[in-house]
There are 2 protein chains.
Amino acid sequence: MSDTPDSAVDGAGSSNTDVDCFCPLGGVMDLLSRRYAMQLICVVGAIGPARYGEIEETFDGVSSSTLSTRLDDLVEAEILAREQYAEIPPRVEYELTDTGEELCQHLDPLLKWAEKAQEG
Amino acid sequence: MSDTPDSAVDGAGSSNTDVDCFCPLGGVMDLLSRRYAMQLICVVGAIGPARYGEIEETFDGVSSSTLSTRLDDLVEAEILAREQYAEIPPRVEYELTDTGEELCQHLDPLLKWAEKAQEG
DNA sequence: GGCTATACTTTGAACACTGAACTATTTATA
DNA sequence: TATAAATAGTTCAGTGTTCAAAGTATAGCC
C-alpha cells in the first residue's frame, strides 16, 4: 500500500533550490519513526548481544508488547539479528547486523545530541 | 504521566558494559519518532523558508491534518519557526531555528543513508 | 453571484501503543 | 507433592495517533 512514488519532489523540484528528494524513504524511515526504534538500535549497539530482559530494563516505560513488536520489526528489516538458545528458562539474544551497525553510527550522535538538548 | 524516571538503566547498569543511558530522552526523541518529523526538519532545512503548500507537495502521502499537527509540534519545540504574513490568500513560512539547524545536521546523514539503503 | 488561491480544521474510521494479566517450561525450595 | 522463580514473550480492552475526504475563511477577478 501507499505506492505512489515520484511525482512529489520532482514536481516541486523545478521551483526549489536543491532538495535532494527525501520522500520515497518509505521503509527505513517509517520504521525508525516508530516508538523506541532508534533508542532500541543504539541500546543493542551499546550493550552488544543483548537479552530481552536486559533491553526491557534499559527502557523505563515500554510495554512488553510494543517492545516485542519493535524487535520483530527490526529483525525483519535485518537491522537486528535474533539468536535463540534451547535452554530453560529460555535465552534469546539480539545483536546488530552490519546494516544495524551502519545505522547505529548515524544514530548515536543524534541521541547524544538529544540527550544534551534535554538538559539545556 | 509516565513519570517513573531512574531505576531503569541504573539498575541494569551494574551488569552492563557501558550504556550511557538512552532512556529519559523523552521529549526530543518522542517528537522525532512521530511520523514525518525527521523528514520534515530536513526538508525545511533544504528549501529554506518553506511555505505550507510547498512542504505538502514535497511529501507524497501525508494527510494535511498530520502535517499540520507535526508542524505545530516542531514549532512548539522551537525546532521550527513560523512566520505568518497578513495577506490574502494567506502566506505562512516555516524556517529552522538554531536548534533546528543543529538537529538537521545530525539528521541529514541519516536520511541520506536511509535513501541509499532503500535502493540497495 | 461564483471561482480561485492558501493554510489550515473537522470528522469518522483504521491503525499503533499501553498496562495488566497470562502462557510455557524446567529447576529449586517447602 | 505443591508451590515459586525465572525468561521471553502473547493477548486483551482501552486510549492515542494517523488517515482520507470534505469543509472553513478571506479577498480579488470574471
Side-chain angles (χ1 to χ4, degrees), chain A residues 1-4 8 12 15 26-27 29-40 43-44 47 49-77 80-95, chain B residues 1-4 7-8 11-12 15 23 26-27 29-40 43-44 47 49-76 80-95:
Chain A
M1 289 132 213
S2 70
D3 278 273
T4 28
S15 62
M29 291 309 293
D30 270 10
L31 183 50
L32 293 182
S33 296
R34 298 209 177 296
R35 209 165 185 202
Y36 303 110
M38 295 187 281
Q39 290 99 315
L40 202 38
V43 163
V44 174
I47 69 184
R51 300 186 60 172
Y52 180 89
E54 248 178 327
I55 297 171
E56 197 172 34
E57 272 177 353
T58 300
F59 291 90
D60 204 51
V62 210
S63 63
S64 50
S65 43
T66 303
L67 178 54
S68 196
T69 307
R70 199 62 62 249
L71 284 167
D72 285 353
D73 293 346
L74 292 172
V75 168
E76 188 173 14
L80 295 184
R82 178 183 189 273
E83 183 126 23
Q84 177 165 13
Y85 299 89
E87 303 173 2
I88 294 286
R91 180 160 64 101
V92 174
E93 288 185 350
Y94 294 91
E95 218 173 343
Chain B
M1 291 133 213
S2 69
D3 276 276
T4 27
S7 88
S15 63
C23 42
M29 291 309 294
D30 270 10
L31 181 51
L32 293 181
S33 297
R34 297 206 181 295
R35 210 162 183 205
Y36 304 110
M38 295 187 281
Q39 291 98 314
L40 201 40
V43 163
V44 173
I47 69 185
R51 300 185 58 171
Y52 181 90
E54 248 178 326
I55 297 172
E56 196 173 34
E57 272 176 352
T58 300
F59 292 90
D60 202 51
V62 210
S63 63
S64 51
S65 44
T66 303
L67 179 54
S68 194
T69 308
R70 199 63 61 249
L71 285 167
D72 285 353
D73 293 346
L74 292 172
V75 167
E76 189 173 13
L80 294 185
R82 177 183 189 274
E83 184 128 23
Q84 178 165 11
Y85 299 89
E87 302 173 1
I88 294 285
R91 180 160 63 101
V92 173
E93 288 184 350
Y94 293 92
E95 218 173 340

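Letters go in sequence order (proteins before strands), and every chain restarts at 1. This is a predicted model, so every value here is computed, not measured.
Remark: C1' of D:dA20 and CZ of B:Phe59 are 18 Å apart, rounded to the nearest angstrom. C:dG19 atom C1' lies 14 Å from atom CG of A:Leu67, rounded to whole Å. For the pair A:Gln84 CD and C:dA24 C1', the computed distance is 12 Å after rounding to whole Å. Between the CD atom of A:Glu83 and the P atom of D:dG9 there is a distance of 13 Å, rounded to whole Å. Nucleotide C:dC15 holds its C1' atom 13 Å from the CG atom of A:Asp30, rounded to whole Å. In this entry the distance linking CG of B:Leu71 with C1' of C:dC8 reads 10 Å, nearest Å. The interatomic distance linking B:Glu87 (CD) with D:dG28 (P) rounds to 12 Å, in whole Å. As rounded to whole Å, 12 Å separates atom P of C:dC17 from atom CG of A:Leu40.
Taking 4.0 angstrom as the limit, A:Ser68 places a side-chain polar atom (N or O) nearer than this to OP1 or OP2 of D:dT10. Note on A:Ser65: every side-chain N or O is 4.0 Å or more away from OP1 and OP2 of D:dT10. Side-chain nitrogen and oxygen atoms of A:Ser63 include at least one within less than 4.0 Å of the OP1 or OP2 phosphate oxygen of C:dT18. The shortest distance between the side-chain N/O atoms of B:Tyr36 and the OP1/OP2 oxygens of D:dC19 is below 4.0 Å. Within the 4.0 Å cut-off from OP1 or OP2 of D:dG9, at least one side-chain nitrogen or oxygen of A:Tyr94 is found.
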Just the atom pairs and distances: protein N or O near nucleotides 3-7 of chain D's N or O, under 3.5 Å.
from	atom 1	to	atom 2	distance (Å)
D:dT7	O3'	A:Arg51	NH2	3.1
D:dT7	O3'	A:Pro90	O	2.8

Restricting to nitrogen or oxygen on both sides, can you table the protein-nucleotides 15-17 of chain D pairs closer than 3.5 Å?
from	atom 1	to	atom 2	distance (Å)
D:dT17	OP1	B:Arg34	NH2	3.4

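The side-chain contact (heavy atoms from CB on, under 4.5 Å) search around A:Glu76 returns none, not counting sequence neighbours. With sequence neighbours excluded, the residues that form a side-chain contact (heavy atoms from CB on, under 4.5 Å) with A:Ala77 are A:Leu31, A:Ile79. Annotation: side-chain contact (heavy atoms from CB on, under 4.5 Å) contacts of A:Asp72 (sequence neighbours excluded): none.
Nearest heavy atoms, A:Pro90 versus A:Arg51: O-NH2, 3.5 Å.
Counting heavy atoms from C-beta outward, B:Leu74 and B:Tyr94 have side chains that stay 4.5 Å or more apart. Side-chain contact between A:Tyr52 and A:Ser64 is present, with heavy atoms from C-beta onward closer than 4.5 Å.
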Original post:
Does the side-chain contact (heavy atoms from CB on, under 4.5 Å) test come out yes or no for A:Glu56 and A:Val62, once each step is laid out?
Top reply: CA-CA 7 Å; A:Glu56 197 172 34; A:Val62 210; over 6 Å; no

Original post:
Step by step, would you call B:Leu40 with B:Thr58 a side-chain contact (heavy atoms from CB on, under 4.5 Å)?
Top reply: CA-CA 9 Å; B:Leu40 201 40; B:Thr58 300; over 6 Å; no

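In terms of polar N and O atoms assigned as donor or acceptor, the side chain of A:Ser64 never comes within less than 3.5 Å of the base of C:dG19 in a complementary pairing. The base of D:dT18 is not paired with the side chain of B:Thr69 by any donor and acceptor separated by under 3.5 Å.
In this structure, CG in B:Asp30 is found 7.0 Å from CD in A:Gln39, a value given to the nearest 0.5 Å. Here the CD1 atom belonging to B:Ile47 is positioned 4.5 Å from the CD atom belonging to B:Glu54, to the nearest 0.5 angstrom. Atoms OG1 and CG, from A:Thr69 and A:Asp73 in turn, are 6.5 Å apart once rounded to the nearest 0.5 Å.
Not one N or O on the side chain of A:Arg35 forms a donor-acceptor pair closer than 3.5 Å with the backbone of B:Ser33.
Helix-axis bend for the helix from C:dG1-D:dC30 to C:dA30-D:dT1: the local axis fitted to the five terminal pairs at one end deviates from that at the other end by 30°, rounded to 10°.
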